[in-house]
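Worksheet for the structure shown next.
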Amino acid sequence: MTEQEIFLRNAMEAHGGAVYRLALCRLQNTADAEDVYQDVFLRLLGQNTAGWDGERLKAWLLRAALNRCADVSRFRLRRPALSLEEIPDMPRPADEAAELWDAVAQLPEKLRTAVHLHYAEGYQTEEIAAMLGVPAATVRT
């Protein structure tokens, strides 16, 4: 295995869950979230990552995931698809905190992303503000 492949594998193990959860929170669709996950790590494979520490890598991955989610959302606006909820015979995946996350899912996209980054990923408001490109006071609100 090459050094780049080892780096990619370690990044996927360390931060793959965060990338996937953010994509799922943002897109509300498991298939799209899996596509975003794959695209983000393929993009990482092409990056010059020499000297990247864990926090810089995680921030880059989450920013790339947000950007890719925005691309997917724009694509979905032009080409709508059926959601799993619209298919009557498909059961919804069970989750321990399903009621809470269902309530979070009802929030607008930017609010939902901020809530996810703070409560699920543990980022501070200043870090979220930098990722989303909004003032920190907006994130706190």
Nearest heavy-atom pair of [X] and [Y]: which atoms, and what distance?
| X | Y | value |
| --- | --- | --- |
| L27 | S73 | CD2-OG, 3.6 Å |
| L8 | F41 | CD1-O, 3.5 Å |
| R112 | A105 | NH1-O, 3.3 Å |
| L44 | Q4 | O-NE2, 3.7 Å |
| A114 | I128 | O-CD1, 3.8 Å |
| A33 | Y20 | CB-CE1, 3.7 Å |

For the side chain of T138 and the backbone of V134, is there at least one donor-acceptor N/O pair under 3.5 Å apart?
no
Quick one: do L62 and Y123 satisfy side chain to side chain contact (heavy atoms under 4.5 Å, CB included)? Show the steps, please.
CA-CA 11 Å; L62 293 179; Y123 280 95; 3.2 Å; yes
Any chance you could measure [X], atom [atom1], to [Y], atom [atom2], to the nearest 0.5 Å?
| X | Y | atom1 | atom2 | answer |
| --- | --- | --- | --- | --- |
| L61 | R43 | CG | CZ | 10.0 Å |
| N10 | E13 | CG | CD | 6.0 Å |
| L24 | D32 | CG | CG | 10.0 Å |
| L22 | H15 | CG | NE2 | 13.5 Å |
| N29 | D35 | CG | CG | 8.5 Å |
| L42 | R68 | CG | CZ | 10.5 Å |

Is the closest side-chain heavy-atom distance between H118 and R140 below 4.5 Å?
no
Within the 4.5 Å heavy-atom criterion, are L66 and L132 side-chain neighbours or not?
yes
Between E127 and K58, does any side-chain N to carboxylate O distance fall below 4.0 Å?
no
